[in-house]
There are 2 protein chains.
Amino acid sequence: MYVKIDFNSDEAIYIQLRNQIIYGIATSQIQEGDNLPSVRELAEYIGINMHTVNKAYTILKQEGYVKLDRRKGAVIAIDIDKIQAIEDMKEELRVILAKAICKNISCQDVFEVVGEIFNEFERG
Amino acid sequence: MYVKIDFNSDEAIYIQLRNQIIYGIATSQIQEGDNLPSVRELAEYIGINMHTVNKAYTILKQEGYVKLDRRKGAVIAIDIDKIQAIEDMKEELRVILAKAICKNISCQDVFEVVGEIFNEFERG
DNA sequence: TATCTGTTATATATATTGTATAACAACCGA
DNA sequence: TCGGTTGTTATACAATATATATAACAGATA
């Protein structure tokens, strides 16, 4: 899986890394049961500190994307609580859609964009 | 317009305030041409520092929601660059929808939630 | 035993966030 | 003109978040 970090971004490195891994899962580049590199290995590869990677992994664990094991390392293991996930998503969408309404973007416009992104991910 | 700040939130106060004002515009509680309270007045009302309010106003200006005037104060003035706004929205939606796909949420599920939120805002 | 995991603990440097005080220029009403 | 308002800017300070660096630990593995 390809990981790209923008060091000039205003977004924290561990957040970027978390997102990249989530992209990887969404596009099926990595899937249930797959191993992620060890924190030290990935840190070395990207050129960042071990703790930054560990922070990303710990968040991914809390959010239900991986399980951490001392022997195996980090393994993709999606905890699907769909009800909860939809609730979380709704909260995040509120701000985005409020902005959209201010900018004259219609519900149909949003549907189109959502559809496009789903297609992007499904193609990988 | 009602403004509610959660001081225990992990979200910065000036971000919360920005969002609340965007909600106010999206729900037509405040509209084009309306005046926002002065930075000092709103800071006093909420119980926060003047500069925190100023930061929220400055961001709202940069993002094209208000115009700031020395004499009139902050005035709602939406700069509608729909193409740009859709592009920005798409970028924000990518992470959210990647998470959704991981959690087995379908495109139809997202449409429903988006529809619900649009209804919420349209009712005010 | 040597080596690999995640985990935890310190320490340090920098950036962000929020507050505090102060002053400035432009405007407005009396 | 005077006093008060507006956003704006500057400086300083404390608290927190972010990222790095080094080190050590317990559990698993070969």
Side-chain angles (χ1 to χ4, degrees), chain A residues 1 3-22 30 33-79 95, chain B residues 1 3-22 30 33-79 95:
Chain A
M1 196 191 85
V3 173
K4 191 177 186 178
I5 301 298
D6 176 7
F7 290 97
N8 295 321
S9 171
D10 55 339
E11 208 161 31
I13 296 177
Y14 73 92
I15 296 290
Q16 289 186 56
L17 182 53
R18 181 201 66 157
N19 291 345
Q20 297 272 325
I21 292 168
I22 290 178
I30 40 176
D34 284 355
N35 272 80
L36 289 175
S38 77
V39 289
R40 291 172 178 84
E41 196 180 339
L42 188 50
E44 172 79 16
Y45 172 70
I46 302 178
I48 59 175
N49 192 273
M50 185 198 77
H51 291 96
T52 307
V53 177
N54 195 47
K55 199 164 183 179
Y57 281 13
T58 303
I59 290 179
L60 284 167
K61 181 186 178 186
Q62 287 172 350
E63 295 178 339
Y65 294 96
V66 305
K67 282 186 179 171
L68 299 179
D69 195 319
R70 271 217 175 82
R71 41 208 166 160
K72 296 182 198 166
V75 180
I76 304 294
I78 312 286
D79 171 44
V95 191
Chain B
M1 196 190 85
V3 173
K4 191 178 187 180
I5 302 298
D6 176 8
F7 291 97
N8 295 323
S9 169
D10 55 340
E11 207 161 33
I13 296 176
Y14 73 92
I15 296 291
Q16 289 187 56
L17 182 53
R18 182 202 65 157
N19 290 345
Q20 297 272 326
I21 291 169
I22 289 177
I30 40 176
D34 284 357
N35 272 80
L36 290 175
S38 77
V39 288
R40 290 172 179 83
E41 197 179 337
L42 187 52
E44 172 80 15
Y45 172 69
I46 300 177
I48 58 175
N49 191 273
M50 186 197 75
H51 291 97
T52 306
V53 177
N54 194 47
K55 200 165 182 177
Y57 280 14
T58 303
I59 290 179
L60 285 167
K61 180 187 177 185
Q62 286 171 351
E63 295 179 338
Y65 294 95
V66 306
K67 281 187 181 172
L68 301 179
D69 194 319
R70 270 216 175 82
R71 44 210 162 159
K72 296 181 197 166
V75 181
I76 305 293
I78 313 286
D79 170 44
V95 191

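Per chain, numbering begins at 1; letters A, B, ... match sequence-line order. Every value quoted in this text rests on a predicted model; they were computed, and no experiment measured them.
The distance between atom CD1 of Ile15(B) and atom P of dA17(D), rounded to the nearest whole Å, is 15 Å. Atom CZ of Arg18(B) and atom P of dT17(C) are 12 Å apart (whole Å). When rounded to the nearest whole Å, the span between CG of Asn49(A) and P of dA13(C) equals 16 Å. Separating the CG atom of Asn54(A) from the P atom of dT22(D) is a distance of 18 Å, rounded to the nearest angstrom. Atom CD in Glu44(B) sits about 13 Å away from atom P in dT19(C), given to the nearest Å. Between Leu42(B) atom CG and dT5(D) atom C1' there is a gap of 16 Å when expressed in whole angstrom units. In this entry the distance linking CD1 of Ile13(A) with C1' of dA17(D) reads 13 Å, nearest Å. Counting to the nearest Å, the C1' atom of dT17(C) and the CE atom of Met50(B) are 15 Å from each other.
Residue Tyr14(A) places at least one side-chain N or O under 4.0 Å from the OP1 or OP2 atom of dT18(D). For the pair Thr52(B) and dG18(C), the criterion of a side-chain N or O lying under 4.0 Å from OP1 or OP2 is not met. An OP1 or OP2 oxygen of dT6(D) is reached within less than 4.0 angstrom by no side-chain nitrogen or oxygen of Lys72(B).
Counting non-hydrogen atoms under 4.0 angstrom, Lys61(B) reaches the backbone sugars and phosphates but no base. The residue Asp69(A) sits close only to the backbone: its heavy atoms come under 4.0 Å of sugar-phosphate atoms, none of a base.
Mapped onto DNA chain C by nearest heavy atom, Thr58(A) and Asp10(A) fall at different nucleotides, with Thr58(A) at the one closer to the 5' end.
Counting all heavy atoms, side chain and backbone alike, Arg18(A) lies closest to Leu60(A) at CG-CD2, 3.5 Å.
Between Ile30(B) and Leu36(B), some side-chain heavy-atom pair lies under the 4.5 Å cut-off.
In terms of polar N and O atoms assigned as donor or acceptor, the side chain of Arg40(B) never comes within less than 3.5 Å of the base of dT21(C) in a complementary pairing. Counting atom types as modelled, His51(B) pairs no side-chain N or O with a base atom of dT8(D) as donor and acceptor under 3.5 Å.
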